[in-house]
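Structure first, commentary second.
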Amino acid sequence: QVQLVESGGGSVQAGGSLRLSCTTSGSTQHQGCMGWFRQAPGKEREGVAAIYGGGAFTWYADSVKGRFTISQDAAKNTLYLQMGSLKPEDTAMYYCAAVGAPYARSCYDKWDGKDFAYWGQGTQVTVSS
């Protein structure tokens, strides 16, 4: 079992920045592949970013490339999402998630398919114009 708790959401004006954090606990074998997802009202949940191998591999949705950075601090059991140049269309509930993965391609496939085993409760990000 893995427990995930997000924090750092809030309201910000367009062009601003936020850093989301996700503190993890539980089985480390199920935390090899971690990701951030978001869901806006009336829309499907989408993958924002994913990380594997302690940062050796990272992937981003096209809509956030160059603006968001995913990272993790193993010593603090924390996953981060640094968000910059925020836009109103980034407004959503943001979730962190974890799953075990034997290699990088499997992590990517699970992120692309939103097929993660463990999810946090979410943190709201609201960007005003």
Side-chain angles (χ1 to χ4, degrees):
Q1 286 285 349
V2 177
Q3 293 76 44
L4 306 163
V5 180
E6 302 97 335
S7 61
S11 297
V12 64
Q13 289 191 326
S17 300
L18 281 174
R19 187 176 78 161
L20 305 184
S21 299
C22 174
T23 302
T24 69
S25 61
S27 173
T28 56
Q29 73 178 87
H30 297 296
Q31 298 181 41
C33 175
M34 300 199 69
W36 287 97
F37 298 80
R38 67 186 181 187
Q39 187 167 19
K43 294 187 177 181
E44 290 189 359
R45 187 171 296 186
E46 63 173 342
V48 176
I51 189 167
Y52 181 79
F57 299 88
T58 56
W59 302 276
Y60 296 91
D62 287 343
S63 59
V64 307
K65 279 181 182 176
R67 299 189 298 122
F68 291 10
T69 302
I70 188 171
S71 63
Q72 64 186 151
D73 185 333
K76 295 182 178 180
N77 294 322
T78 302
L79 177 74
Y80 300 102
L81 184 68
Q82 180 68 49
M83 306 186 295
S85 301
L86 284 162
K87 305 175 181 180
E89 51 263 44
D90 294 318
T91 295
M93 185 71 80
Y94 283 71
Y95 301 89
C96 72
V99 68
Y103 42 86
R105 181 54 195 258
S106 65
C107 178
Y108 174 82
D109 288 343
K110 289 177 181 293
W111 173 68
D112 191 45
K114 299 183 282 292
D115 184 22
F116 276 51
Y118 303 97
W119 295 82
Q121 82 290 348
T123 186
Q124 178 68 38
V125 172
T126 302
V127 184
S128 58
S129 58

Restricting to non-hydrogen atoms, name the atom on Gln124 and the atom on Thr126 that form the minimum distance, rounded to 0.1 Å. NE2-OG1, 3.4 Å
Could you check whether any side-chain N or O of Ser63 sits under 3.5 Å from a backbone N or O of Ala61, counting only pairs where one atom can act as donor and the other as acceptor? no
So SG of Cys33 and NZ of Lys110: to nearest 0.5 Å the spacing works out to 8.0 Å
With a 4.5 Å cut-off on side-chain heavy atoms, are Trp36 and Ile51 touching? no
To the nearest 0.5 Å, what is the distance between CZ (Phe37) and CD (Glu46)? 10.5 Å
Checking side chain to side chain contact (heavy atoms under 4.5 Å, CB included) between Cys22 and each of Asn77, Leu79, Leu81, which is the one that passes? Leu79
With a 3.5 Å distance limit and no angle check, can you tell me whether Thr123 reaches the backbone of Tyr94 through a side-chain donor-acceptor pair? no
Looking only at heavy atoms, the pair that brings Gly55 and Gln72 closest together is N-OE1, 3.9 Å
For Thr78 and Lys76, work out which heavy atoms get closest and say how close. OG1-O, 2.8 Å
Under the 3.5 angstrom rule, does the side chain of Thr91 hit a backbone N or O of Pro88 as a donor-acceptor pair? yes
With side chain to side chain contact (heavy atoms under 4.5 Å, CB included) as the test, pick out the partner of Phe116 among Val2, Leu4, Val99. Val99
Are there more than 12 heavy atoms of other residues, nucleotides or ligands under 6.0 Å from atom CD of Gln1? no
Below 30° counts as parallel, above 60° as perpendicular, anything between as tilted: where do the rings of Trp59 and Trp111 land? parallel
Could you tell me which non-hydrogen atom of Met34 sits nearest to which non-hydrogen atom of Ile70, and how far apart they are? O-CD1, 4.2 Å
If every non-hydrogen atom of Met93 is compared with every non-hydrogen atom of Gly122, which pair is closest and at what distance? SD-C, 3.7 Å
With heavy-atom distances below 4.5 Å as the criterion, would you say the side chains of Tyr80 and Asp73 are in contact? yes
Go through Tyr108 and Tyr52 one step at a time and tell me if the ring-ring contact (aromatic ring centres under 6.0 Å, His included) criterion holds. CA-CA 9 Å; Tyr108 174 82; Tyr52 181 79; over 10 Å; no
Count I, L, V, M, F, W, Y as connected when their side-chain heavy atoms are under 4.5 Å apart, and connections chain through other members. Are Val48 and Tyr60 then in the same cluster? yes
Arg38 charged N/C atom sitting above Tyr95 aromatic ring, 6.0 Å / 45°: no
Is Val127 reachable from Phe68 through a run of I, L, V, M, F, W or Y residues, each pair having side-chain heavy atoms under 4.5 Å apart? yes
State, to 0.1 Å, how close Leu86 and Leu18 come at their nearest heavy-atom pair, and which atoms those are. CD1-N, 3.9 Å
Under 3.5 Å, side chain of Glu6 to main-chain N/O of Cys96, donor-acceptor pair present? yes
Backbone N/O of Gln39 and side chain of Arg45: donor-acceptor pair under 3.5 Å: no
Partner residues of Ser106 under the side chain to side chain contact (heavy atoms under 4.5 Å, CB included) criterion, sequence neighbours left out: Ala101, Pro102, Tyr103
Should Met83 and Val125 count as side-chain neighbours, where that means a heavy-atom distance under 4.5 Å? yes
Between Ser128 and Gln13, a side-chain donor and acceptor under 3.5 Å: no
Evaluate the salt bridge (Lys or Arg N to Asp or Glu O under 4.0 Å) criterion for residues Asp62 and Lys65: first the C-alpha distance (whole Å), next the side-chain angles of each, then the deciding distance (0.1 Å), finally the verdict. CA-CA 5 Å; Asp62 287 343; Lys65 279 181 182 176; 3.2 Å; yes
Hey, what do you get for CZ (Arg19) to OG (Ser17), rounding to the nearest 0.5 Å? 12.0 Å
